[in-house]
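The structure presented is a predicted model; accordingly, all values stated were derived computationally and were not measured. Within every chain, numbering begins at 1; the chains are lettered A, B, ... in the order of the sequence lines, protein sequences first and strands thereafter.
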Amino acid sequence: MRSTIVLLSLAAASTAQAPAVGEFFPTQQYPVMAREAPVTHAARLSSLAAFRGKKVLLVQFASW
Amino acid sequence: MPVWHERTAEARERGDLVVVGLIQEQHPDRCRLFLDWQNIDWPILVDSLNRSGVSAVPLVWAIDEHGVLRHTRPTPEWVLGTFLETAWSAPQGPSVEPLSCNEAEKHYLEGRYTESIEAATKHLAEAATDASMLFLLGCAHRARYDAHRTTPTHSGMHDSDFQAAIDAWSRAIEAAPSNYIYRRRIQQYGPRLDKPYPFYDWIAEARDALRKRGADVPRLVVEPEGSELATPVRTHDLAETDDREPDAKHAIAIDELAIAVHGVVAPNPVRVGSSFRLYWKLRANEGVKLDAEADAPVAWIELPNGFTATRKKRMANPVAPTRTPVERTIEYEVHVDAAVEPGSHTIRGYALVPICDDATGTCKLVRRSLSREIVVRAPK
């Protein structure tokens, strides 16, 4: 895992706009990585809205 | 990630905090191996298409109980202190609606890669420099390629998808040069000279550690190989100790039908004065199999003037011992001298491939010709 310069993109046509502090965080759906099943792109979808009511730390990363 | 896992352990245990991972990889199962190795059991969402629209990772966001962003680069101290101790007030106004998927995304997320490619291509006909759609197009081509290559028989369908993925990602970088999510996909498959780090060199260590713990080792859908494991270099090293042509006397029987060959270039197009990765993808056609018991396939290439490779003879990448090799890959790192004229150039050569005939069981070594056109453009 390597540190990388943090750069937020401008909004693209079909992607989220980077939110500002004090704004709602985007809640689009993503495939869920299920630990008991093979990981496929056609997995069950979920979003951060599923954690509403809890404080969430969202960590975006890759294993490379 | 391990630092966040360790520092938030008590808060997660108490139920005061949920840590959610959002991963940015083409092959999310590799990330699952990483997480198992690190004993990280967060809920994980997969953002292979970069729908979150970020330009680099890692990123950490602190989101309160109402779904409002409270910090974009929090420290563990701030999270465990201010963030958890504050009863954040609910904001005025309506919550944001989640972004709906466009057609190409929807097809991709449901595993319909051909339809996703068609939708993305249609969109790009009207908006050719939409970087996020170009990136998606590359992801869909690569996903279809992976889905196809893991099947045991070779139909010839979708062989060009790997190159199409490289082409689309290359265009995405041209449209959005500062996006490091896009750039990493090319670096993953591109030349060692352009790599910031080896990418998946940790996998062997992770598997060893899991085995020693007696834990299950997740099986990877696509094993990383070659460029995905190679150590970066900073100079194009021409030193080579054993680079003798393997069949200089034409002693091996030529067979152009038994093996399907597909050449892939990354990045594409290639620029004068730069390096590129050349892949020869070898698959057995119907009626034969790659011989898993014999030595690995080997290739020999002849380069146009001004092109250099660390070696002209290369063996195929190793395959996992538990797997029947349905495809073998031979990779070259090639440098294009600054004096090379822009235009079309051709790399030719041959591969020596051990095969077995399905009907008779007879195994033999065959010689298969290789040829790949390289389009070289002037430097930017």
Worksheet entry | Gap separating the CG atom of A:Leu58 from the CG atom of B:Leu22, nearest 0.5 angstrom | 5.5 Å
Item to complete: Check whether any side-chain heavy atom of B:Ser48 sits under 4.5 Å from a side-chain heavy atom of A:Tyr30, and report yes or no.
Response: no
Discussion item. Under a 3.5 Å threshold, yes or no: a donor from one side chain and an acceptor from the other, between B:Trp61 and A:Gln60?
Written reply: yes
Practice prompt. Would you check if the side chain of A:Lys54 reaches a backbone N or O of B:Asp64 as a donor-acceptor pair within less than 3.5 Å?
Written response: no
Worksheet item: Taking C-beta and beyond as the side chain, do B:Ile23 and A:Met33 meet within less than 4.5 Å on heavy atoms?
Response: yes
Worksheet item: Between B:Arg51 and A:Gln29, is there a donor-acceptor pair closer than 3.5 Å when you use the side chain of the first and the backbone of the second?
Response: yes
Worksheet item: Where does the angle between the aromatic ring planes of A:Trp64 and B:Phe199 fall among parallel (under 30°), tilted (30 to 60°) and perpendicular (over 60°)?
Response: tilted
Discussion item. Does any backbone or side-chain atom of A:Ala49 lie under 4.5 Å from a heavy atom of chain B? Answer side chain, backbone, both or neither.
Written reply: neither
Worksheet entry | Straight-line distance of B:Cys101 SG to A:Gln28 CD, nearest 0.5 Å | 8.5 Å
Worksheet entry | Contacting region of B:Ser116 [heavy-atom separation from chain A under 4.5 Å] | neither
Practice prompt. For residues B:Leu109 and A:Pro31, determine if any side-chain heavy atom of one lies less than 4.5 Å from a side-chain heavy atom of the other.
Written response: yes
Worksheet item: Has B:Glu77 got more than 12 heavy atoms of other residues, nucleotides or ligands less than 6.0 Å from its CD?
Response: yes
Worksheet entry | A:Lys55 side chain near B:Asp16 side chain, heavy-atom distance below 4.5 Å | no
Discussion item. Take a 6.0 Å sphere around CD of B:Glu225 and say whether it holds more than 12 heavy atoms from other residues, nucleotides or ligands.
Written reply: yes
Worksheet item: Quick one: CG on B:Leu45 to CG on A:Leu48, what's the gap to the nearest 0.5 Å?
Response: 6.0 Å
Discussion item. Strictly distance-based, threshold 3.5 Å: is any side-chain N or O of B:Trp202 a donor or acceptor partner for the main-chain N or O of A:Ser63?
Written reply: yes
Practice prompt. Answer yes or no: are there more than 12 heavy-atom neighbours, outside B:Glu6 itself, under 6.0 Å from its atom CD?
Written response: no
Worksheet entry | Per-residue contact mode, B:Pro43 against chain A (heavy atom under 4.5 angstrom) | side chain
Worksheet item: Which bit of B:Ile203 is near chain A, if near means a heavy-atom gap under 4.5 Å: side chain, backbone, both or neither?
Response: neither
Worksheet item: Using non-hydrogen atoms only, which part of B:Val79 is less than 4.5 Å away from chain A: side chain, backbone, both, or neither?
Response: side chain
Discussion item. So, taking the atom named CZ in B:Arg12 and the one named CG in A:Leu57, what distance separates them when rounded to the nearest 0.5 Å?
Written reply: 10.0 Å
Worksheet entry | Closest non-hydrogen atom pair between B:Gly21 and A:Phe61, with its separation | CA-CE2, 4.0 Å
Item to complete: Against chain A, work out which of B:Val19, B:Val20, B:Val68 has the most heavy-atom pairs shorter than 4.5 Å and name it.
Response: B:Val20
Discussion item. With a 4.5 angstrom heavy-atom cut-off, is it the side chain or the backbone of B:Pro74 that approaches chain A, or both, or neither?
Written reply: side chain
Worksheet item: Would the number of heavy atoms belonging to other residues, nucleotides or ligands and lying under 6.0 Å from CD of B:Glu10 be above 12?
Response: no
Discussion item. Quick check for you: to the nearest 0.5 Å, what is the distance between A:Phe25 atom CZ and B:Leu69 atom CG?
Written reply: 6.5 Å
Discussion item. Report which part of A:Phe51 has an atom under 4.5 Å of a heavy atom belonging to chain B: side chain, backbone, both, or neither.
Written reply: side chain
